K.L.:
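Just dropping this structure here.
Keep in mind the model is a prediction, meaning the values are calculated, not measured.
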Amino acid sequence: MSFAIFTDGCSNLPGAILKDRRIRTLPCTYTMDDQQIVYNGDIESFDVKAHYDLLREGKLIKTSLLNTQLFLDHFRPALEEGLDVVYVGMSSGISGTYNAARIAAEELNEEYTGRRVRVVDSLGAGLGPGLLTIMAADLRDDGKSADEAADVLEQEKMNLCEYFTVDDLMFLRRTGRLSTTGALLGTMLGIKPILRGDEEGHIVATQKCRGRKKAVSTLAEIYQNRAVDPQNRRVAISHGDCEEDALVLAEKIKAIAEPKELIFCPHEPVTGSHVGPGMLGLFFFGEGR
């Protein structure tokens, strides 16, 4: 193993994948009712219903970026083991975490002159960076160096398609993604937006659907039109406590073109708190984002 692979809990990867692919996970934190909660990336022990029910009840959750010291504390032991480091994190367009990791990498690359620390801005969130992290494990297992793997990820992230819909527009309003007027009007009209991660890692609206059923079908249509060679690629679906809709989407995806591997799990609590209950996300590789 030529390098250690790091991601964080916001990459949403199931524990079995993290263990089997030897991926190291940094913890994320969020605050609810002045209580700080540490999420270590263990999606299997995450009580998805309880968390999203609290959001439905109006509980406010504040999330925190990962700081530079946390990266130093986790990366340094791997370097001491004689390993290089590749970290895949969420988009710099929605979080300052990438910049904190970059500062840590610069410091460690000066301190450990014989080693390499590479930080990859995934331009995404959730299972988007998760898919890139698994790709890093594939490249490591194929004998690639940290630099070679990171260079491939920098290219492939520009083909990473991340599309999602939400059930309650007011969560997007709270995070500044939508005006209060637009959120209220859209809610009254039953509008369900389709959003995506753009080329700069920002969340942008791409379509508006009338009703939930149409939104789920539209996600499948986007996959049909945009996925490239899905039979040999991984596809991922995550949901904010709406498993029934996620299962419908999964069946539609498999009917169009069964992927090499379909990762299916609840959406983690940190970024999930910004998109709210009913979030349904689809992640795959196409030609361009």
K.L.:
For the ring-ring contact (aromatic ring centres under 6.0 Å, His included) test, which of Phe3, Tyr98, Phe71 pairs with Tyr87?
P.N.:
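Filter result, single survivor: Phe71.
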K.L.:
Do Glu199 and Arg289 sit within salt-bridge range, that is, some charged N less than 4.0 Å from a carboxylate O?
P.N.:
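Answer for the salt bridge query: no.
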K.L.:
I want to check something: taking the side chain as every heavy atom from C-beta on, are Phe283 and Ser238 in contact at a cut-off of under 4.5 Å?
P.N.:
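Yes; the side chains approach each other to less than 4.5 Å.
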K.L.:
Give me the atom names and distance for the closest heavy-atom approach of Met279 to Cys242.
P.N.:
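Reported closest heavy-atom pair: O-SG, 3.4 Å.
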K.L.:
Minimum heavy-atom separation for Arg116 to Asp84, with atom names?
P.N.:
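In this case the closest contact between Arg116 and Asp84 is N-OD1, 2.8 Å.
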K.L.:
Within the side chain of Asp33, is there an N or O that forms a donor-acceptor pair under 3.5 Å with the backbone of Gln35?
P.N.:
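No: the side chain of Asp33 does not pair with the backbone of Gln35.
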K.L.:
Any Lys/Arg nitrogen of Asp53 or Lys59 sitting under 4.0 Å from an Asp/Glu carboxylate oxygen of the other?
P.N.:
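Answer for the salt bridge query: no.
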K.L.:
Indicate whether the side chain of Gln69 and that of Asp73 have a donor and an acceptor atom separated by less than 3.5 Å.
P.N.:
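Distance-only check passes for Gln69 and Asp73.
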K.L.:
Sub-3.5 Å donor-acceptor pair from the side chain of Asn109 to the main-chain atoms of Val117, do we have one?
P.N.:
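Present.
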K.L.:
Determine, step by step, whether Lys144 and Asp138 satisfy the salt bridge (Lys or Arg N to Asp or Glu O under 4.0 Å) criterion, reporting the C-alpha distance in whole Å, the side-chain angles of both residues, the deciding distance to 0.1 Å, and the verdict.
P.N.:
CA-CA 9 Å; Lys144 302 298 184 184; Asp138 290 339; over 6 Å; no
K.L.:
Out of curiosity, Phe284 CZ to Leu262 CG, how far, rounded to the nearest 0.5 Å?
P.N.:
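Answer for the CZ-CG pair, Phe284 versus Leu262, is 13.0 Å.
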K.L.:
Could you check Asp241 against Arg56 for side chain to side chain contact (heavy atoms under 4.5 Å, CB included), going step by step and ending with a plain yes or no?
P.N.:
CA-CA 11 Å; Asp241 192 28; Arg56 291 183 180 101; 2.9 Å; yes
K.L.:
Leu247 versus Phe264: any side-chain heavy-atom pair under 4.5 Å?
P.N.:
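Result yes, sub-4.5 Å side-chain heavy-atom pair found.
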K.L.:
Shortest non-hydrogen contact from Glu287 to Arg226?
P.N.:
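Of all heavy-atom pairs spanning Glu287 and Arg226, the closest is O-NH2, 3.2 Å.
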K.L.:
Report the C-alpha distance between Glu156 and Leu131 in whole Å, list the side-chain angles of each, state the deciding distance to 0.1 Å, and finish with yes or no for side chain to side chain contact (heavy atoms under 4.5 Å, CB included).
P.N.:
CA-CA 10 Å; Glu156 287 297 320; Leu131 290 178; over 6 Å; no
K.L.:
When you group the ILVMFWY residues by side-chain heavy-atom contacts below 4.5 Å and let the links chain together, are Ile256 and Ile194 in the same group?
P.N.:
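Same cluster: Ile194 reaches Ile256 through Ile, Leu, Val, Met, Phe, Trp or Tyr contacts under 4.5 Å.
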K.L.:
I need the minimum non-hydrogen distance between Gly93 and His202, along with the two atoms involved.
P.N.:
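Closest approach of Gly93 to His202: O-CD2, 3.3 Å.
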K.L.:
Of Leu139, Ile5, Ile17, Val88, which meets side-chain contact (heavy atoms from CB on, under 4.5 Å) against Ile134?
P.N.:
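Result for side-chain contact (heavy atoms from CB on, under 4.5 Å) with Ile134: Ile17.
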K.L.:
Please round to the nearest 0.5 Å and tell me the distance separating atom NE2 of His239 and atom CG of Leu249.
P.N.:
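Taking NE2 in His239 and CG in Leu249, the distance rounds to 11.0 Å.
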K.L.:
Nearest 0.5 angstrom please: Lys252 NZ to Tyr223 OH, how far?
P.N.:
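It comes to 14.0 Å.
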K.L.:
Report the distance from atom NZ of Lys192 to atom NZ of Lys213, rounding to the nearest 0.5 Å.
P.N.:
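These two atoms lie 15.0 Å from each other.
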K.L.:
Take Asp229 and Arg233, measure what salt bridge (Lys or Arg N to Asp or Glu O under 4.0 Å) needs, and give me the verdict at the end.
P.N.:
CA-CA 7 Å; Asp229 194 26; Arg233 307 298 293 266; 5.9 Å; no
K.L.:
In the structure I gave you, are the side-chain heavy atoms of Pro193 and Val166 within less than 4.5 Å of one another anywhere?
P.N.:
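In short, these two side chains touch, coming nearer than 4.5 Å.
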K.L.:
Please answer: with hydrophobic residues joined when any side-chain heavy atoms are less than 4.5 Å apart, are Leu160 and Leu127 in the same cluster?
P.N.:
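Per the 4.5 Å side-chain linkage, Leu160 and Leu127 are co-clustered.
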K.L.:
Any chance the rings of Phe75 and Phe6 have centres within less than 6.0 Å?
P.N.:
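Close enough - the centres of the two rings lie under 6.0 Å apart.
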K.L.:
Could you grab the distance from atom NZ of Lys62 to atom CG of Asp34, nearest 0.5 Å is fine?
P.N.:
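It comes to 7.5 Å.
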K.L.:
Side chain to side chain contact (heavy atoms under 4.5 Å, CB included) between Leu282 and Val235: does it pass, once the steps are laid out?
P.N.:
CA-CA 8 Å; Leu282 176 63; Val235 174; 3.8 Å; yes
K.L.:
Check step by step if salt bridge (Lys or Arg N to Asp or Glu O under 4.0 Å) holds for Arg102 and Glu106.
P.N.:
CA-CA 6 Å; Arg102 181 187 58 79; Glu106 290 176 356; 2.7 Å; yes
K.L.:
Mind listing the closest non-hydrogen atom pair of Ala257 and Gln231 along with its distance?
P.N.:
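So the minimum-distance heavy-atom pair works out to CB-NE2, 4.0 Å.
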K.L.:
Test of understanding: clusters of I, L, V, M, F, W, Y form through side-chain heavy atoms closer than 4.5 Å, transitively. Do Ile37 and Tyr52 belong to the same one?
P.N.:
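In one cluster: yes.
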K.L.:
Which value, rounded to the nearest 0.5 Å, describes the distance between Ile237 atom CD1 and Leu280 atom CG?
P.N.:
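Nearest 0.5 Å value for the CD1-CG distance: 7.0 Å.
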K.L.:
Is there a side-chain contact between Asn40 and Thr25, using heavy atoms and a 4.5 Å cut-off?
P.N.:
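Side chain of Asn40 against side chain of Thr25, heavy atoms only: no contact under 4.5 Å found.
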K.L.:
Is the backbone N or O of Met135 less than 3.5 Å from a side-chain atom of Arg234, with the two atoms forming a donor-acceptor pair by type?
P.N.:
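No; zero donor-acceptor contacts below 3.5 Å.
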K.L.:
Nearest heavy-atom pair of Ser122 and Leu132: which atoms, and what distance?
P.N.:
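Heavy-atom minimum between the residues: CB-CD1, 3.8 Å.
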K.L.:
Of Ile61, Ile94, Thr63, Ile203, which is the lone residue that meets side-chain contact (heavy atoms from CB on, under 4.5 Å) with His274?
P.N.:
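By the side-chain contact (heavy atoms from CB on, under 4.5 Å) criterion, His274 pairs with just one of Ile61, Ile94, Thr63, Ile203: Thr63.
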K.L.:
Verify the neighbour count for atom CD of Glu244: are there more than 12 heavy atoms of other residues, nucleotides or ligands below 6.0 Å?
P.N.:
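Open: at most 12 neighbouring heavy atoms sit under 6.0 Å from CD of Glu244.
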K.L.:
Can Glu81 and Arg24 be said to form a salt bridge (Lys or Arg N to Asp or Glu O under 4.0 Å), step by step?
P.N.:
CA-CA 14 Å; Glu81 294 174 36; Arg24 309 185 191 195; 3.3 Å; yes
K.L.:
Transitively linked via ILVMFWY side-chain contacts under 4.5 Å: Leu108 with Val86?
P.N.:
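No: no chain of side-chain contacts under 4.5 Å links Leu108 to Val86.
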K.L.:
Leu70 versus Asn67: any side-chain heavy-atom pair under 4.5 Å?
P.N.:
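Yes, their side chains come closer than 4.5 Å.
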K.L.:
Is the shortest side-chain heavy-atom distance between Asp121 and Lys157 below 4.5 Å?
P.N.:
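Yes, their side chains come closer than 4.5 Å.
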K.L.:
According to a 4.5 Å side-chain heavy-atom criterion applied to Ile, Leu, Val, Met, Phe, Trp and Tyr, with indirect links allowed, do Tyr163 and Ile253 form part of one hydrophobic cluster?
P.N.:
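Tyr163 clusters together with Ile253.
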K.L.:
Quick one: does any side-chain atom of Asn12 pair with a main-chain N or O of Pro266 as donor and acceptor, under 3.5 Å?
P.N.:
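The answer is yes, because a donor-acceptor pair under 3.5 Å joins these two groups.
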K.L.:
Look at the side chain of Glu268 and the backbone N and O of Val270, then say whether any donor-acceptor pair between them is shorter than 3.5 Å.
P.N.:
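Yes; at least one donor-acceptor contact below 3.5 Å.
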K.L.:
Quick one: does Thr68's side chain have a donor or acceptor within less than 3.5 Å of a partner on Ala100's backbone?
P.N.:
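Pair found, side chain donor or acceptor close to backbone of Ala100.
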K.L.:
Does any part of the side chain of Tyr39, heavy atoms only, come nearer than 4.5 Å to the side chain of His51, both counted from C-beta?
P.N.:
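With C-beta onward as the side chain, the pair stays apart.
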K.L.:
With no hydrogens and no angle check, is any side-chain donor or acceptor of Glu162 less than 3.5 Å from a backbone partner on Ala125?
P.N.:
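Answer holds: yes.
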K.L.:
Taking the side chain as C-beta and beyond, is there a heavy-atom pair between Arg118 and Asp151 under 4.5 Å?
P.N.:
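Yes, close enough: below the 4.5 Å cut-off.
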K.L.:
Show your working on side chain to side chain contact (heavy atoms under 4.5 Å, CB included) between Thr165 and Arg212 and close with a plain yes or no.
P.N.:
CA-CA 9 Å; Thr165 189; Arg212 180 72 168 186; 3.8 Å; yes
